[in-house]
Number of protein chains: 2
Amino acid sequence: MARRRQSVTIKHVAADAGVSLQTVSRVINNEPNVRSAMKERVQASIDKLGYVPSIAAQRMSGSRSYIILAINDRDLTIADWRAREGRDWVDQMLLGGMLTCAEHGYRMLIELVDTHNDHVERELGAAIAALQPDGVILTPPNSENALITGLLAERGIPFARIGSMQEGPGIAMTMGDKHNARLATEHLIELGHERIGFIAGPADFSLSEWRIEGWQQAMKHGGLSHEGLFERGDFGFDSGAQAAGKLLDLDRPPTAIIASSDQMALATLEVARGRGLDIPKDLSLISFDNSPIVRFTQPALTAIDQPIAATTARAVELLIEARKRKPAERPVTLEGELVVRGSTAQAPALGAG
Amino acid sequence: MARRRQSVTIKHVAADAGVSLQTVSRVINNEPNVRSAMKERVQASIDKLGYVPSIAAQRMSGSRSYIILAINDRDLTIADWRAREGRDWVDQMLLGGMLTCAEHGYRMLIELVDTHNDHVERELGAAIAALQPDGVILTPPNSENALITGLLAERGIPFARIGSMQEGPGIAMTMGDKHNARLATEHLIELGHERIGFIAGPADFSLSEWRIEGWQQAMKHGGLSHEGLFERGDFGFDSGAQAAGKLLDLDRPPTAIIASSDQMALATLEVARGRGLDIPKDLSLISFDNSPIVRFTQPALTAIDQPIAATTARAVELLIEARKRKPAERPVTLEGELVVRGSTAQAPALGAG
DNA sequence: CTGAAAGCGCTAACAG
DNA sequence: CTGTTAGCGCTTTCAG
């Protein structure tokens with residue numbers, strides 16, 4: 001294989017336009033001090049020759065790499081891909097991230113990191129050393145992994161922490177979990193439900209707690225008690241089934257359940273069916289992931305749609321800005337929406353059953 | 001923002017190990033002429049310092065970029081992402097491609113290219129100039145886009161053409177479409193079906209034609225006629241509905257239909273239902289995409305599973321090898337499998353109805 | 001088998 | 001406002 005060198009370099013452009021390399025560089029990088037006549041002349045040569053700067057060379061001379069790295073948990077991601085159950089959060093991240101990157105001449109690269117392992121630092125460190133990304137996007141539960149955030153901060157790489165409100169280095173971002181949980185709860189209250197159960201996610205996800213807060217607040221605000229209507233799962237199906245079982249075993253079981261993940265919602269659906277309950281007649285159900293799968297159940301599930309694409313897009317923008325302005329201290333929040341489908345209905349008549 | 005330089009470079013390692021840069025370079029690249037004692041000493045320093053070579057620098061000095069580029073059609077990909085209907089071929093490509101890349105120290109980067117437009121060359125040329133990928137993976141319908149393959153060949157970049165058997169530059173690869181169509185048809189013949197309809201994809205996809213061949217061959221081989229049982233769609237829902245309608249309008253309609261995409265299969269399901277046909281009792285149905293969605297219909301669809309992940313993985317391997325060995329001339333084929341679910345059943349009794 | 005020198009394409013820093 | 005100089009971190013010659 002022949003050595004593949006840049007076919008047309010900054011030198012060719014400089015020669016063609018009859019200027020110095022530096023001037024061409026200034027035009028490429030849209031720097032101020034260039035006379036517009038000069039700029040046009042150089043641009044003409046660039047267009048004529050079809051010149052595109054080499055990212056590697058740009059990176060080498062100490063400037064940007066034009067790469068944003070999205071760090072995802074290796075095992076979780078692969079498990080989702082292999083399961084082929086339609087979970088599309090990676091796609092949504094790509095949708096928001098890639099397109100926004102492209103608008104600014106950047107690329108987004110996904111990196112799978114084995115975050116359970118204690119050599120996260122080595123793995124992530126290697127990725128950073130190899131790629132020298134201009135910014136990193138962290139998703140839960142990595143967003144609050146001190147090993148990761150510490151490393152990034154130490155190396156001075158701007159990063160966004162999606163699903164984290166902690167203070168400290170990096171841009172904290174949330175998808176409005178508290179608000180979203182409130183939204184779901186209020187929808188049920190409006191439908192006349194008074195006993196609304198909540199199946200939370202694991203405690204090591206901060207967003208699990210925010211959602212609990214949102215639910216509790218909405219309940220209180222509606223003059224309802226949430227006592228005893230709470231269970232916790234791990235986002236997975238089995239844990240959801242167990243939690244749903246406990247809630248439905250109560251002396252006075254809930255007439256509606258909010259589950260913090262699609263899998264736990266699906267499990268709840270199945271458990272309820274197993275007990276002869278009709279959804280939504282006997283039990284209303286809201287899922288906290290609007291993944292494709294919840295549209296194909298019978299009935300389709302009312303769900304909280306998290307703005308994954310929009311949040312990732314915003315993260316990219318903030319990361320790119322970060323090298324100019326110092327990022328804001330306050331957490332950035334993009335709120336989700338409630339998508340109403342067939343799994344929620346008027347609460348069963350009070351005296352009935 | 002401080003200039004971010006490589007924290008530990010080849011120089012540090014060389015100094016630490018008390019050897020020249022060159023020797024370190026040789027160890028990194030696993031070159032032959034290094035005494036094993038030397039090698040170990042250098043490796044020890046590398047490990048101690050946590051050194052990882054900078055891809056940008058490696059690329060700069062004329063060697064590999066360690067980047068494999070997967071080119072996808074911009075509009076199609078974005079449409080799928082936005083639709084959120086669980087189509088997961090991008091994920092499957094990532095699954096196969098990223099993991100295999102990682103095994104070899106490469107990264108896979110997705111690039112969305114507006115392939116309809118006639119400035120494909122500029123777009124793709126820019127991506128290549130900027131990234132200098134070591135290999136490119138093309139998916140249909142780009143695999144046979146002469147503008148694209150020509151550009152790649154001209155620049156001497158190894159590339160794989162998935163879904164193409166054409167001769168010429170680049171590694172031709174298929175997912176066994178002919179074989180897969182035969183498989184589906186044979187399954188139906190075994191179930192006693194004699195009139196098996198086929199809804200093909202658009203003619204500008206070579207694989208559409210291969211599937212037709214497979215179906216026709218299996219029919220002939222089973223002593224059956226395929227005359228008049230053929231329709232063509234564009235892979236989309238509406239075209240599928242139209243095609244299904246025509247097939248079911250025949251004087252002697254088919255008792256089974258094979259659709260070349262999940263959307264066309266779904267459309268067929270709906271059209272059949274609309275006519276009061278029960279699936280699979282009155283009509284058996286096979287989808288040609290085993291995307292998550294076909295598992296959630298009632299009944300779940302029997303489908304051809306295309307080895308997207310495996311093919312992408314193989315493509316990556318072949319591309320990486322390509323810079324050593326000259327790639328084989330013959331097309332590389334990985335065949336799909338039939339996943340039997342509830343949409344196929346024994347043919348309705350002959351005299352009945 | 002190992003080392004020294006040159007340069008990849010680009011930008012930062014400094015002159016003019 | 002524009003040009004010159006000196007590297008970035010690595011690999012490729014080519015000597016030893």
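When reading the values below, keep in mind they use all heavy atoms of this one structure, side chains included, and skip hydrogens, waters and symmetry mates. Bear in mind that the values here come from a model prediction, so they are computed numbers and not experimental data. The sequence lines fix the lettering, A, B, ..., with proteins before strands; numbering per chain opens at 1.
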Using heavy atoms and a sub-4.0 Å distance, could you list which residues of residues 20-30 of chain B are near DNA chain D? By number, please. B:Q22, B:S25, B:N29

Heavy atoms within less than 4.0 Å of DNA chain D: which residues of residues 35-42 of chain A have one? Give them sorted by number. A:R35, A:M38

Please confirm whether the shortest side-chain N or O distance from B:K11 to OP1 or OP2 of D:dC10 is below 4.0 Å. no

For A:Q58 and C:dT11, is the shortest distance between a side-chain N/O and OP1 or OP2 below 4.0 Å? yes

Ranking A:A56 and A:E31 by the position along DNA chain C of their nearest nucleotide, the one closer to 5' is A:A56

Counting only N and O atoms by type, is there a donor-acceptor contact under 3.5 Å from the side chain of [X] to the main-chain atoms of [Y]?
X      : Y      : result
B:D134 : B:S65  : yes
B:R161 : B:P169 : yes
A:D88  : A:D91  : no
A:S143 : A:I162 : yes
B:N29  : B:E31  : no
A:Q92  : A:P307 : no
A:E123 : A:D114 : yes

Find the distance [X]:[atom1] to [N]:[atom2] and express it as a whole number of Å.
X      : N      : atom1 : atom2 : answer
A:Y66  : C:dG9  : OH    : C1'   : 14 Å
B:R59  : D:dT12 : CZ    : P     : 11 Å
A:Q132 : C:dC10 : CD    : C1'   : 15 Å
B:I10  : C:dA4  : CD1   : C1'   : 14 Å
A:H12  : C:dG9  : NE2   : P     : 8 Å

Nearest heavy-atom neighbours spanning A:S45 and A:D16: OG-OD2, 2.6 Å

What's the closest nucleotide to the side chain of A:M60 if the choices are D:dT11, C:dC10, D:dC8? D:dC8

Taking DNA chain C as the partner, which of residues 45-54 of chain A come within under 4.0 angstrom of it by heavy atom? A:Y51, A:P53, A:S54

Quick check: do B:M108 and B:L94 have side-chain heavy atoms less than 4.5 Å from each other? yes

Are A:C101 and A:Y66 packed together at the side-chain level, in the sense that at least one heavy-atom pair is separated by less than 4.5 angstrom? no

Run B:L138 and B:I148 through side-chain contact (heavy atoms from CB on, under 4.5 Å) and show every step you take. CA-CA 9 Å; B:L138 259 29; B:I148 295 177; 3.8 Å; yes

